[in-house]
**Q** 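Mind looking over this structure? Questions follow.
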Amino acid sequence: MELTITLSLLLTSAVLHSTLPLSFSTPNSAYPPPYGLETTAATTLNDDLIPVRREVYGDGRIFDISHRYHPDMPLWASQDGVGQFLWLPHSMKNGSLANNSEMKLPTHTGTHVDAPCDLFDHYFDAGFDVDTLDLGVLNGPALLVDVPRDKNLTVHTSNSKVPIGKRISMRLMYKKEFDTSYVGFMKDGAQCLVDNTDIKLVGIDYLSVAAFDDLLPSHHVFLEGREIILVEGLKLDGVQPGIYSVHCLPLRLLGADGSPIRCILIK
Ligand SMILES: *[C@@H]1O[C@H](CO)[C@@H](O)[C@H](O)[C@H]1NC(C)=O
Ligand SMILES: *[C@@H]1O[C@H](CO)[C@@H](O)[C@H](O)[C@H]1NC(C)=O
Ligand SMILES: *[C@@H]1O[C@H](CO)[C@@H](O)[C@H](O)[C@H]1NC(C)=O
């Protein structure tokens, strides 16, 4: 059976190996209020014109695991967050026939995918950009696992049955300041996953699957073979661990080493 797991970890694989860090525990409480909801413009003309923003669709079967883009969402290595990323050069209030915005966003912002060319210059020159990523890997059966937040993923945690960890709610994606203390893969943990499983998609709930201390080594281990796809900055809080169908679609940005990505889990 093909499987994708999510760390809260999302992994996709041809075969799910028994030595995976499968630790299940109860997810966090409810979602924080979605960004912008309190400022959502209700129309002055008609109270019914209030946009509905959802995290879950389809009678509780479809979970949106992408974060909303917002000026206060964290940006890699920044204390200031993403900041303004949308402008409205053509606005109806200023006489245009339609509102037409422009956007400027680093490709590795929010929920996003890494292409092999992100960390290997010869892959960049050869053109292994986000347009070359396999949608067959980004879409398919998936396993969402909840791993303990009290240690980074090393060969030890990846190799042994880890005890069910008390989930420490870090919620770092809701904090504007970049935080290096997030939990991710150390190099040996990444190597263990590559060597011992057929997992092809690894997703994680902060901006990097690699722990900050092993940032480049872990990314290298995952991306060198050009078979494993990394999805980072997923919104996995509020979703029960278990088996789902994952659907992730990056933009077809020619030449880009990363792309914002919309991901959903279907029960
Ligand atoms: C259209 O632009 C106006 C500003 O001119 C803004 O107030 C309004 O929210 C925009 N509508 C949409 C749908 O973005
Ligand atoms: C409309 O144009 C004015 C003057 O150029 C500008 O200051 C204002 O920001 C514009 N408003 C919108 C909503 O684009
Ligand atoms: C995980 O590693 C980061 C640095 O990469 C460190 O700051 C953090 O404290 C580690 N987390 C734990 C729980 O050991």
Side-chain angles (χ1 to χ4, degrees), residues 5-11 19-29 32 65 67 72-82 106-114 116 118-120 143-197 199 201-224 228-239 241 257-258:
I5 303 176
T6 50
L7 194 86
S8 288
L9 181 72
L10 186 68
L11 310 167
T19 59
L20 275 176
L22 299 181
S23 117
F24 296 86
S25 63
T26 45
N28 292 339
S29 49
I65 56 168
H67 280 281
D72 282 338
M73 79 194 308
L75 180 68
W76 186 262
S78 164
Q79 291 303 299
D80 303 325
V82 170
T107 53
H108 297 262
T109 308
T111 308
H112 69 275
V113 69
D114 288 353
D118 185 27
L119 284 157
F120 290 93
L143 179 63
L144 175 64
V145 296
D146 195 6
V147 301
R149 299 294 197 273
D150 58 356
K151 47 170 91 78
N152 285 297
L153 294 162
T154 64
V155 66
H156 180 69
T157 34
S158 305
N159 235 340
S160 59
K161 278 221 167 95
V162 287
I164 290 178
K166 195 166 183 191
R167 184 163 173 159
I168 302 164
S169 175
M170 296 182 80
R171 298 195 165 261
L172 295 179
M173 282 298 286
Y174 299 97
K175 181 179 147 191
K176 181 166 80 170
E177 294 80 18
F178 178 66
D179 191 327
T180 61
S181 73
Y182 66 87
V183 166
F185 281 89
M186 301 300 284
K187 183 186 177 190
D188 60 351
Q191 194 68 57
C192 176
L193 186 139
V194 170
D195 292 345
N196 297 301
T197 75
I199 287 165
L201 174 65
V202 182
I204 200 163
D205 59 1
Y206 197 55
L207 292 170
S208 165
V209 298
F212 192 72
D213 283 350
D214 260 358
L215 189 60
L216 293 181
S218 289
H219 271 99
H220 283 151
V221 166
F222 280 131
L223 292 178
E224 185 165 25
I228 293 177
I229 301 180
L230 304 178
V231 180
E232 300 169 328
L234 286 167
K235 181 174 69 63
L236 298 168
D237 39 319
V239 188
D257 43 76

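Order of listing sets the numbers, starting from 1, for every ligand and every atom in it. Note that the structure is a prediction, hence the values are computed from the model and not measured.
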**Q** Say you draw a straight line from OG1 of T109 to CG of L207; how long is it, rounded to the nearest 0.5 Å?
**A**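 That separation rounds to 8.5 Å.
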**Q** Is it the side chain, the backbone, both or neither of D214 that has a heavy atom closer than 4.0 Å to ligand 3?
**A**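 For D214, no heavy atom sits under 4.0 Å from ligand 3.
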**Q** Which residue and non-hydrogen atom of the protein lie closest to atom 5 (O) of ligand 3, and at what distance in Å?
**A**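 I find the closest protein heavy atom is D213 N, 2.6 Å.
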**Q** Would you mind listing which atoms of ligand 3 come within a distance below 4.0 Å of any non-hydrogen atom of A211?
**A**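 Atoms satisfying the 4.0 Å criterion: 5 (O).
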**Q** With atoms numbered from 1 as shown, which atoms in ligand 3 lie under 4.0 angstrom from a non-hydrogen atom of K151?
**A**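 Listed by number with element: 13 (C).
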**Q** Which residue is it: V202, D214, L230? I am looking for the one with a side chain to side chain contact (heavy atoms under 4.5 Å, CB included) to F185.
**A**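 Filter result, single survivor: V202.
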**Q** Can you name the nearest heavy-atom pair linking I228 to F222, along with the distance?
**A**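 That would be CB-O, 3.5 Å.
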**Q** Test side chain to side chain donor-acceptor pair (under 3.5 Å) on H219 and D114 and set out the steps.
**A** CA-CA 9 Å; H219 271 99; D114 288 353; 3.2 Å; yes
**Q** Relative to each other, are the rings of Y174 and H67 parallel, tilted or perpendicular (30° and 60° limits)?
**A**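 Aromatic pair Y174/H67 classed perpendicular.
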**Q** Quick one: pull up CG in L223 and CZ in F120 and give me the separation to the nearest 0.5 Å.
**A**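 Rounded to the nearest 0.5 Å, the CG-CZ separation comes out at 6.5 Å.
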**Q** Write out the residue and atom name of the closest protein heavy atom to atom 7 (O) of ligand 3, then the distance separating them to 0.1 Å.
**A**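 In this structure, atom 7 (O) of ligand 3 has S181 CA, 3.5 Å as its nearest protein heavy atom.
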**Q** For ligand 3, which atoms have a heavy atom of T180 less than 4.0 angstrom away?
**A**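 Numbered from 1, ligand 3 contributes 3 (C), 4 (C), 7 (O).
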**Q** Out of all atoms in ligand 3, which are within 4.0 Å of some heavy atom of D150? Include the element for each.
**A**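 Listed by number with element: 13 (C).
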**Q** So which heavy atom in the protein is nearest atom 10 (C) of ligand 3, and how far is it from that ligand atom?
**A**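 Nearest neighbour among protein heavy atoms for atom 10 (C) of ligand 3, to 0.1 Å: N152 ND2, 2.6 Å.
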